[in-house]
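Notes follow the structure.
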Amino acid sequence: MKEMNEKELPKLRRGGLFVVALVLLIFVLLDAFRILSMGAYQGSLALIGVAGLLFLATKVIRRRKESRTLRFFGRMVIISTILELTLFQLPSYSLLSGGYEQKTFLPTSASISGGESTIDETGGAVTVTGKDQVIMEFQQLDMPVGTIQVDVDYGEKTKRAQLKIDMADETHVDYRYDIASGVVVKDNDNSNYTACRFSGDVSQLRLKVSCFNDNDSVTIQAIHFNKTIPFDISAIRFGFLTLVTTFCYGIVASSFLKKPFRETRKSTTASVLALTGAAVLLATSIIMIKLPEDGFASRWKLEAGNQITQELVDAFENKQVNLLKEPTEQLINMENPYDWSARNQEGVSAEWDHVYYDGKYYSYYGIAPVLTFFLPYHKLTGHYFACDMAVWIFSCIGLVFLGLTYLAIAKRWFRDVPAGCVIGGFVILLTVCGIWYSVGRTIFYEIAMSCGFMYLNAGAYFLISSNMLTDGKTSFVRTALCSLFLGFAVLSRPTLAVYAICAAVFLLMSIKSSSSTIKGRILFILCAAVPICVLGGFQMWYNAARFGSPFDFGIKYSLTINDFVHSQFHLVFVLIVLFNFLFAVPGFSTDFPYIKTPFSSFHANGYYFADAGNTSGIFFLALPVFGYLLSGRALRRLPDRKSRLRYGTLVGLPCVIMPLIIICSIWESGYAIRYTADFSWEIIIGALAVLFWLYRMSTNETKKTWFRGFLACSIMLALVINIVQIIPFAFSENDYPEVCRAMQDVIAFWD
């Protein structure tokens, strides 16, 4: 009997687990499909069910193989569920004590004044139009007020409206002005609620409603006092707390993630490729959210474009280097046509941000996207390439090559680095690579940025994978492709020529090891030099044909906000870009967008252009960049002077010196957040190389554990700081209030 019970026990346990799992699944279905009404607490039962199923899954898996990371995940599921149902739903509990009585009022029951309003006497609704405040005053309320909810209908193109509240409670007989406020957002029901922290009975209250744009309108149908704020269960917040924190814990503690990359190559490679795919999907989602109303298909049938997608295409099809548009006689006759204020004062029209030289219009933007995409597309279809589609394609291909480049580097130099560190480093690299600011704002400036990002990453991949810099047979085909793509990178953005110089240095370093024969070395030199020299020669001819000099790219002749012909160099302008791109410290706030980095102008006392939007310095966006402070120690760990010179050049030249040259050269154009795509990922890869080298050489297990913990914290901070700064840049609050409100709902649990 005893033996029989022992045999039956596992079956009973499995049966019990099955019953529990079935009950939890029923919880999820009842809540998710609204079969069981939970009122304001809808979603809580589904969360408990999902969390329970996840926890049971960890128990089942751990019976087969014990795992500290899996145990941590189970604990985080429980902790995240508790937080999601308590702290993160704080406003929903605001009515639990205080004797709040729910009441509903029609707007017409209030005294209405100010602004432009239309009153529906039959239905009791009030329509507010324009930016001026319409005031709805409720007197002799004499009741505690814990929440205010408005039923709102929105005008055809209206996306949000502003609510502000004046009130008098038992602590203040007269009105306290703007004591509470909120923004109601279309298609976001929770934004209609405002949690109030008043004292005692409210004697009188004024609701002030206004729109953000002149032609916007909202209709207030009813006003509810003391209605419980519904739960807002966030899958993003729950997923971040469970998955990201578990991954970061795994970097520190997981025996599998502590294995070197060479032992986990397949799974680590798959992880990096999966993250790359996720980044491509995210970039695609951003682009699709921001599509114009006429939809995706219409983007491929455009009859007009901008300076890059149309004007350069038309000029090249007409076999000329100047644009088809002709300057006006007034512009030609101006003493200084590059002075923006002079053009305005004299009423002279000019094509904005075009190059004007010797009586003709030109474009200083790189021609690689025109030659390789826009011109062939127009020839084949008769339509012009859409700007947003170009940035999308270039960015996604660039992200793919970024992942491939990172893997190529990892396979050659990070073989003994733990798999978790390799994957974690790539998470930081993807987050801080800089291309997201081009994806988030797809105007024509970003075409050159994203195209340069694509070709530079492609060139870097073929440079590393050609074995030019490592032992093994050198691939001449990949060497030629590296040269070709780096040449197109320079034709996209002349600034990227500094990386072509790096490639030339690496070529010289690799000639001897490229082949054992003179013939092979000559072939290697031809493969490395011919493509980029041909493209470079074409660029020099193009410059000379336009401006009379092969080294003049024409940017100083731009008709823009600044006169580059007469602008002077001042050292403080270089300090501005160095500080803001490298060292600017993020500031944290309880107000949207929660993380703000003030732009520092160093009291330049002179004109310096700063584009809309800025970000924190890369040292704080990606904490591993501080690893450069240990570069001296890393070099000392190398066996001889030759090795120090070689690896110092491999890291220092493309990852430190050239990015600094790019940053310093930006002083003339001014600060623009999109420029980070030119240097961010290079800086981060170099810093990771330094840290990973020191990790490999260390025999102190405590230091290794501390480093893995540092990297885990860096991942968390990189994701939070970058995402919170990228979203408001990509989605302005006026144009995409629903996206910004969704971000607020995830972060501002107190509001």
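Here OG of S80 is found 10.5 Å from CG of L85. Values are rounded to the nearest 0.5 Å. Taking CD1 of I223 as the reference point, atom CG of N192 lies at 12.0 Å (rounded to 0.5 Å). Here the straight-line distance linking atom OG of S109 with atom CZ of F138 works out to 4.5 Å at 0.5 Å rounding. Of the inter-residue distances, the one linking T431 atom OG1 with N722 atom CG reads 6.0 Å to the nearest 0.5 angstrom. Distance check, rounded to the nearest 0.5 Å: CD of E293 to NZ of K157 gives 6.5 Å.
Remark: the backbone N or O of S438 is not paired with any side-chain donor or acceptor of E446 at under 3.5 angstrom. Between the side chain of T242 and the main chain of G239, a donor-acceptor pair closer than 3.5 Å is present. Formation of a donor-acceptor pair under 3.5 Å by the S450 side chain with backbone atoms of I447 is found in this model.
Ring-plane geometry between F105 and F225 is classed as perpendicular, the angle between the planes exceeding 60 degrees on a 0 to 90 degree scale with a lower cut at 30. Y594 and F592 have perpendicular rings, their planes meeting at more than 60° on a 0 to 90° scale where under 30° would count as parallel.
The neighbour count for N734 CG, taken as heavy atoms of other residues, nucleotides or ligands under 6.0 Å away, is above 12. Within 6.0 Å of atom CZ in F588, more than 12 heavy atoms from other residues, nucleotides or ligands are found, so the atom counts as buried in its surroundings. Open room surrounds CG on N215; 12 or fewer heavy atoms of other groups in view lie less than 6.0 Å from it. Other residues, nucleotides and ligands contribute over 12 non-hydrogen atoms within 6.0 Å of the CG atom of L25.
Defined by atom type and a distance below 3.5 Å, a donor-acceptor pair is present between the side-chain atoms of T284 and W392. For the 3.5 Å distance criterion, the side chains of S191 and R160 fail to qualify, holding no donor opposite an acceptor. Between the side chains of S616 and T597, a donor-acceptor pair is found at a separation under 3.5 Å. For S341 and N344, the side-chain atoms include no donor-acceptor pair closer than 3.5 Å.
Residues I595 and P586 share a closest heavy-atom pair of CG2-CB, 3.9 Å. Across all their heavy atoms, S601 and I576 have their closest contact at O-CD1, 3.3 Å. Between F238 and V77, the shortest heavy-atom distance links the atoms CE1-O, 4.0 Å. Annotation for T171 and S199: closest pair CG2-CB, 3.5 Å, computed over non-hydrogen atoms. Taking all atoms of both residues into account, the shortest heavy-atom contact from V439 to I287 is O-CD1, 3.7 Å.
The existence of a salt bridge linking K208 and D178 is confirmed by a sub-4.0 Å separation between a basic side-chain nitrogen and an acidic carboxylate oxygen. A salt bridge between D611 and R441 is present, with a side-chain N of the basic residue lying under 4.0 Å from a carboxylate O of the acidic one. Using a 4.0 Å cut-off between a side-chain N of Lys or Arg and a carboxylate O of Asp or Glu, D388 and K290 do not qualify as a salt bridge.
Partner of D232 under the side chain to side chain contact (heavy atoms under 4.5 Å, CB included) criterion, chosen from V746, N190, D189: N190. Among V218, D153, V209, T219, the single residue meeting the side chain to side chain contact (heavy atoms under 4.5 Å, CB included) criterion with T127 is T219. The one candidate from I308, N306, V391, D353 that meets the side chain to side chain contact (heavy atoms under 4.5 Å, CB included) condition with Y445 is D353. Applying the ring pair (Phe, Tyr, Trp, His ring centres under 6.0 Å) test between Y671 and each of F581, Y608, F609 identifies F581 as the sole match.
Geometric assessment of K159 against the ring of Y736 yields a positive cation-pi assignment under the 6.0 Å and 45° thresholds.
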* Candidate pair Y93 and F231, rule ring pair (Phe, Tyr, Trp, His ring centres under 6.0 Å), full reasoning -> CA-CA 9 Å; Y93 297 109; F231 270 19; 5.8 Å; yes
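Under the 4.5 Å side-chain criterion, counting only non-hydrogen atoms from C-beta, F88 is in contact with L241. Side-chain contact between L621 and I721 is present, with heavy atoms from C-beta onward closer than 4.5 Å.
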